[in-house]
Amino acid sequence: MSEKNLATAVDKRRTFAIISHPDAGKTTITEQLLLFGGVVREAGTVKARKSGNFAKSDWMEIEQKRGISVTSSVMQFDYQGKRINILDTPGHEDFSEDTYRTLMAVDSAVMVIDSAKGIEPQTKKLFKICKMRGIPIFTFMNKLDRDGRDPLDLIAELEDVLGIEGYPMNWPIGMGKELKGLYDRYHHRVALFHKDAQGNQYLPLNDDGDLVTPNALEEDDWYTEARENMQMIEEAGNPFDAAKIAAGDQTPVFFGSALANFGVQTFLDTYLEYAPQPATHHTETDGDVAPTNPEFSGFVFKIQANMNPHHRDRIAFVRICSGEFDRGMDVTQERTGKKLRLSNVTEFMADTRENVETAVAGDIIGLYDTGNFQIGDAIYTGKKDIRFEKLPQFTPELFVRVSAKNVMKQKSFHKGIDQLVQEGAVQLYTAYTTGDYILGAVGQLQFEVFQFRMKNEYNSDVIMEPMGKKTARWIKPEQLDERMSSSRNLLVKDRQGQPLFLFENQFAERWFKDKYPDVELTSKL
């Protein structure tokens, strides 16, 4: 591909993550976006368990049973001349590490907020990561078809709690059973809401913000209130600033209902106007890598086993950072220095997959993997070594001892542990003297998902013995004396064979430091 063609292809890419607190509706809005992209004929809903019609992005069986997302999903589609890569992230805080890594692979984020609940704790945490990276954030106030909070309060909360300017692109006319439509200041129109209606009906507005053609809606109190609020915001609110949006300092705010598919297309159309194209990525080895650099590079931000349970596959998700991928190309793996041929590569179109022949910077591709890749691995062509910035890794707080219930199934037990640990949701340790397996995780749900998947994907029932909360602290091997270990500070090894102590509590850690003042303990390896 010529430099000009590469630049044109990269310019068409839009890659974003959808973030929210659990149950705010992000998986539902993902479904509607896929519907507009023409890759699903009927949007599933996480509530439709009885019909068997599950959300396409919730592919894992436990997600379908519980109606929650516990893993990041990747979907791609074309819309209005753009190639869109959506990453639907788990909202549950126990899986925030997976979400944090996903946010390293996107160029913008869509923040979904329940209009009845406002900003919830997990949304606040994820927003901080987006803010730290300086990526643009677009806000969708969801569930307008239910009674919710005053829109002015929701906008004020954005600014007070998150410290970001809110610019309402539209405004609700009514809410819940009284929902009449949306006053769309950006497109100078009113979108009328009709439950179960196919398509949208719009009434144009003139430059003064009044209806061009007289309509009975003008006599409605909800319309009058929305019109007055819009006038007030025009006079006293934040001015629209594309530069601030690009810097992550202002967020365009859209109201709507993902479940009723109202306001979603307006959001998507406007998002594409202001969402950034693929960004430059920083490296630890050779400065910045521009997306239009002709040399291919990318990094693994996610590994997932058994997305297709019939084939027991394992896929490494790669964000392409520069250049063009061609099927069958040879790349260098930075961590090992090995040459690898990328011949079996896929992309995701809702719940189906297609083999990839070519892809460019901004795209997300899936590499069928036999165990070569780890999270954070960089791959590249060319002679210059490329090592991207490290992906975030959380230190676990909860621990369990894990063993196979059936000693005759040790092979499947070890295979399951090896593959699921490499996904990064749980971390594996071994007791220093006995070799017992110990799992660490940020939250309890990760253990439940692990246990479920071991049984259903590897036919291995496991016994998990809770160890409670522990504080993990690494120690330099040259400073280690095994006699330092006690019932209050268990000595274990991580997957790289590095020693660490699991302290019972802060008192135990202080006691250790007082006894061994020359020993250096660290919270991360």
Side-chain angles (χ1 to χ4, degrees), residues 49 52 54 57-74 90 92 94-95 97-98 101 300-317 344 346 348 351 353 366-377 393-394 396 398-431 434-467 492-497:
R49 298 188 190 91
F54 301 111
S57 57
D58 284 342
W59 57 270
M60 197 185 290
E61 185 180 353
I62 190 171
E63 295 180 307
Q64 296 174 356
K65 286 186 175 181
R66 290 192 177 206
I68 58 172
S69 296
V70 296
T71 180
S72 300
S73 301
V74 179
H92 200 287
D94 285 6
F95 287 83
E97 186 171 349
D98 188 33
R101 287 194 290 259
V300 177
F301 67 93
K302 174 183 173 64
I303 291 175
Q304 192 72 55
N306 307 323
M307 289 188 72
N308 185 340
H310 300 296
H311 297 290
R312 295 292 178 215
D313 59 354
R314 171 186 154 104
I315 292 177
F317 291 83
N344 198 358
T346 187
F348 304 87
D351 56 352
R353 307 185 199 178
L367 310 180
Y368 285 93
D369 179 32
T370 56
N372 292 317
F373 292 106
Q374 294 181 13
I375 290 172
D377 276 355
Q393 185 177 38
F394 290 8
L398 295 177
F399 295 85
V400 297
R401 283 189 176 85
V402 62
S403 58
K405 196 170 186 179
N406 186 344
V407 294
M408 302 300 291
K409 292 186 176 181
Q410 288 292 328
K411 186 176 180 181
S412 59
F413 170 73
H414 286 287
K415 181 181 180 182
I417 278 193
D418 184 55
Q419 291 195 353
L420 296 185
V421 164
Q422 287 182 13
E423 293 181 8
V426 293
Q427 295 181 33
L428 177 65
Y429 306 90
T430 53
T434 65
D436 290 347
Y437 279 177
I438 295 171
L439 295 180
V442 175
Q444 179 62 32
L445 182 59
Q446 290 170 314
F447 293 137
E448 295 174 22
V449 171
F450 172 85
Q451 188 172 33
F452 181 93
R453 293 186 66 190
M454 286 291 289
K455 178 179 177 63
N456 287 270
E457 297 175 19
Y458 298 95
N459 193 28
S460 177
D461 284 304
V462 298
I463 299 171
M464 293 198 299
E465 178 189 345
M467 298 172 63
V492 300
K493 290 184 286 190
D494 63 17
R495 286 180 63 211
Q496 286 72 43

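Every value quoted in this text rests on a predicted model; they were computed, and no experiment measured them.
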Q: Quick check for you: to the nearest 0.5 Å, what is the distance between Arg453 atom CZ and Lys455 atom NZ?
A: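 Those atoms lie 15.5 Å apart.
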Q: Is there a side-chain contact between Ile315 and Tyr368 (heavy atoms, below 4.5 Å)?
A: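 Answer yes - side chains close enough.
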Q: If you look at every heavy atom in Ala431 and Val492, which pair is closest and at what distance?
A: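 That closest heavy-atom pairing would be CA-CG1, 4.1 Å.
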Q: Output the distance between atom OG (Ser412) and atom CD1 (Ile417), rounded to the nearest 0.5 Å.
A: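 If we round to the nearest 0.5 Å, Ser412:OG and Ile417:CD1 are 10.5 Å apart.
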Q: So, do Leu439 and Phe399 sit near enough that their side-chain heavy atoms are less than 4.5 Å apart?
A: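 In short, these two side chains do not touch, never coming nearer than 4.5 Å.
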Q: List the steps and the verdict of side chain to side chain contact (heavy atoms under 4.5 Å, CB included) for Phe317 and Ile303.
A: CA-CA 6 Å; Phe317 291 83; Ile303 291 175; over 6 Å; no
Q: Rounded to the nearest 0.5 Å, what's the gap from CD on Gln446 to CG on Leu398? Could you check?
A: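 The CD atom of Gln446 sits 8.5 Å away from the CG atom of Leu398.
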Q: So which atom in Met464 and which in Phe447 form the shortest heavy-atom distance, rounded to 0.1 Å?
A: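 Minimum heavy-atom contact is CE-O, 3.5 Å.
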Q: Is there a side-chain contact between Phe413 and Met454 in this structure, where contact means two heavy atoms from C-beta onward sitting under 4.5 Å apart?
A: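 Sidechains of Met454 and Phe413: in contact.
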Q: Report the distance from atom NZ of Lys405 to atom OG of Ser460, rounding to the nearest 0.5 Å.
A: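 Between Lys405 NZ and Ser460 OG, I get 11.0 Å after rounding to 0.5 Å.
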Q: Does any non-hydrogen side-chain atom of Asn459 lie less than 4.5 Å from one of Lys409?
A: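 Yes. Closest side-chain heavy atoms under 4.5 Å.
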Q: Does some side-chain heavy atom of Arg401 sit less than 4.5 Å from a side-chain heavy atom of Met467?
A: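 Met467 reaches Arg401 side chain to side chain.
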Q: What is the distance from atom CG of Asp369 to atom CD of Gln422, rounded to the nearest 0.5 Å?
A: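 Here the interatomic distance stands at 7.5 Å.
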Q: Rounded to the nearest 0.5 Å, what's the gap from CG on Leu367 to CZ on Phe373? Could you check?
A: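 So the CG of Leu367 and the CZ of Phe373 are separated by 5.0 Å.
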